[in-house]
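Here the structure is a predicted model, which is why all the values come from computation and not from measurement. A, B, ... follow the sequence lines: proteins, then strands. Residue 1 opens every chain.
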2 protein chains.
Amino acid sequence: MALEHALLVSLSERPGTGIELTRRFDRSIGFFWRATHQQIYKVLRRMEDDGWLEATAGDSRSTERRYAVTDAGRAALETWIAMPTRTAAMRSEVAVKMRGASYGDRTALLDHLRHLIGEHRTRQAHFERLEREQFPRPAELAGQRLDTWLVLRGGIKQEQFWVEWLSEYVEAWVGSETLAGARSSTSETEGEA
Amino acid sequence: MALEHALLVSLSERPGTGIELTRRFDRSIGFFWRATHQQIYKVLRRMEDDGWLEATAGDSRSTERRYAVTDAGRAALETWIAMPTRTAAMRSEVAVKMRGASYGDRTALLDHLRHLIGEHRTRQAHFERLEREQFPRPAELAGQRLDTWLVLRGGIKQEQFWVEWLSEYVEAWVGSETLAGARSSTSETEGEA
DNA sequence: GCGGGTTGTGCAACTAGTTGCACAGTGGGG
DNA sequence: CCCCACTGTGCAACTAGTTGCACAACCCGC
């Protein structure tokens, strides 16, 4: 589980309250690790019990808690970063659907894929805007700032991957009005059988 | 959950036993949906109870069961394929580590990233070989064969994404002996502080 | 002061997946 | 025939994450 480590990274960058962390996970960190507030609060409590975090009173209300990383937490994060990482299993519903489109409504799927392409393009454009605004001079970056930029680059590349792949699929089935059109006609006949 | 749907797709392509499906999920389907045998057997049973699959005796032993999709299963798959798919949350431990490298052993992480790059390159080469062997003439593909090829294309692009991103990260920190070398020297100093 | 809406924190039921382990059927060798 | 190794099926404990809901503190308007 890396949520606790994602929290350690985020709190190492800047101490914060449960709700601030929730917002970070809805936004910037959420590109590479997403978490709900329920889970964040639960894991924060456990990390505090384990001695990785210390909590002080927050500012905005009596129940608010502000967390910071302890020396033990810092050590745990350091250890984890050096550990080998297993390659995560890929699981994509969209891919299952594309593979099984012959057994379903291909037209509906293609429409939906076009919609998803739009979403991925929007997200890519958003990341690219962030990149321009926050990292106008990447060649001058160093330290943790360089890391943050490079991870944002990953976000951009990931969205590009989705746009390319989904577009290739759609174009293969719809594509241009000439060659692909002939293919599309053939395949629809097969689908009916 | 899409395991049941991935199973419907796989069994629609070709009926099979639990162990055959397990092998398919270790190999070709595993690129876009991975599952353990324990999970597969559990879900197969449930799908049979729900009327989506029918089981007959297998060939290799008295306990072996061979599954095929029922009309109800076909209908369920068709419905699911036409449904909108929510964009899955991205969660990458490697990304968390890259973002938090300043708080850990960056040298160890960079070594590990180089290893991962090698793994992704190997997997990409494997997918590309499959592509050449099984789909020597992609322009002539149609129907379900075209889908299978296009999904394999996604596998190749996904590995390319990882190779590119991880390589960009490593090169930014190590890179060429000139410009990036100067940066690398600066950042190590920061890391010690 | 009161009521209503907002907000920070958190409980709990549930799901999907992981991991360790187990049983029994099968085949082959001694 | 017996024993051992392999193999197909499956149980169960556990984990991480999702979703619905809840409580209480806080603020603002009447």
Side-chain angles (χ1 to χ4, degrees), chain A residues 1-8 11 15-27 29-30 32-50 52-53 55-67 80 85-93 96, chain B residues 1-8 10-11 15-27 29-30 32-50 52-53 55-67 80 85-93 95-96:
Chain A
M1 174 182 72
L3 175 54
E4 65 202 15
H5 297 107
L7 283 167
L8 282 176
L11 289 171
T17 63
I19 195 63
E20 284 174 22
L21 288 161
T22 298
R23 292 202 184 102
R24 290 184 211 170
F25 277 79
D26 282 340
R27 291 208 243 90
I29 307 185
F32 56 90
W33 205 276
R34 283 231 313 251
T36 61
H37 81 265
Q38 294 100 323
Q39 212 188 359
I40 289 169
Y41 283 109
K42 183 159 54 169
V43 173
L44 284 174
R45 281 291 186 155
R46 198 174 62 206
M47 291 164 74
E48 188 187 352
D49 293 343
D50 291 347
W52 286 9
L53 303 180
T56 53
D59 299 329
S60 84
R61 63 175 61 199
S62 62
T63 50
E64 194 176 58
R65 301 163 69 73
R66 176 166 297 275
Y67 294 93
W80 179 72
T85 306
R86 292 194 349 196
T87 306
M90 155 88 157
R91 287 194 176 90
S92 165
E93 287 196 12
V96 178
Chain B
M1 172 183 73
L3 175 54
E4 64 199 16
H5 298 107
L7 284 166
L8 283 175
S10 193
L11 289 170
T17 63
I19 196 62
E20 285 173 21
L21 288 162
T22 298
R23 292 202 186 101
R24 290 183 212 173
F25 277 79
D26 282 339
R27 291 207 245 88
I29 308 184
F32 56 89
W33 205 276
R34 284 228 315 247
T36 61
H37 80 266
Q38 293 99 323
Q39 211 186 3
I40 290 170
Y41 284 110
K42 182 157 58 167
V43 173
L44 285 175
R45 282 293 183 149
R46 198 174 61 204
M47 291 165 74
E48 188 188 353
D49 292 344
D50 290 349
W52 285 10
L53 303 182
T56 53
D59 301 328
S60 83
R61 65 175 59 199
S62 64
T63 52
E64 193 175 62
R65 301 163 68 72
R66 175 166 297 276
Y67 295 92
W80 179 72
T85 306
R86 296 201 336 205
T87 306
M90 154 87 161
R91 286 194 178 90
S92 165
E93 287 194 8
V96 178

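Partners of B/Arg24 by salt bridge (Lys or Arg N to Asp or Glu O under 4.0 Å), not counting sequence neighbours, listed by chain and number: B/Glu20. B/Trp80 pairs by the ring pair (Phe, Tyr, Trp, His ring centres under 6.0 Å) definition with B/His5, not counting sequence neighbours. Legend: residues meeting salt bridge (Lys or Arg N to Asp or Glu O under 4.0 Å) with A/Arg65, ordered by chain and number and at least two apart, are A/Glu48. Applying the salt bridge (Lys or Arg N to Asp or Glu O under 4.0 Å) criterion to A/Glu4, with sequence neighbours excluded, gives A/Arg46. For B/Thr85, the side chain to side chain donor-acceptor pair (under 3.5 Å) criterion is met by A/Lys97, not counting sequence neighbours.
With rounding to whole Å, B/Arg34 atom CZ is found 14 Å from C/dT19 atom C1'. C/dG17 atom P lies 11 Å from atom CD1 of B/Ile40, rounded to whole Å. Whole-Å rounding puts the B/Leu7 CG to D/dT9 C1' distance at 15 Å. Computed from coordinates, the B/Arg24 CZ to D/dG8 C1' distance equals 15 Å when rounded to whole Å. D/dT9 atom C1' lies 17 Å from atom CZ of B/Arg46, rounded to whole Å. Atoms NE2 (B/His5) and C1' (C/dA16) sit 14 Å apart, rounded to a whole Å.
Considering only the side chain of B/Ser62, C/dT26 comes nearest among D/dG17, D/dC26, C/dT26.
Residue A/Trp33 places at least one side-chain N or O under 4.0 Å from the OP1 or OP2 atom of D/dG17. Phosphate contact (OP1/OP2 of D/dT19, side-chain N/O of B/Arg86, threshold under 4.0 Å): present.
The shortest non-hydrogen separation linking B/Thr22 to B/Ile40 is CA-CD1, 3.7 Å.
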Taking protein heavy atoms under 4.0 Å as touching, what does nucleotides 5-15 of chain C look like 5' to 3' if B marks base contact, S marks sugar-phosphate-only contact and - marks none? --BSBBB----
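Residue contacts shown for A/Thr36 include a base, since a base heavy atom lies under 4.0 Å away.
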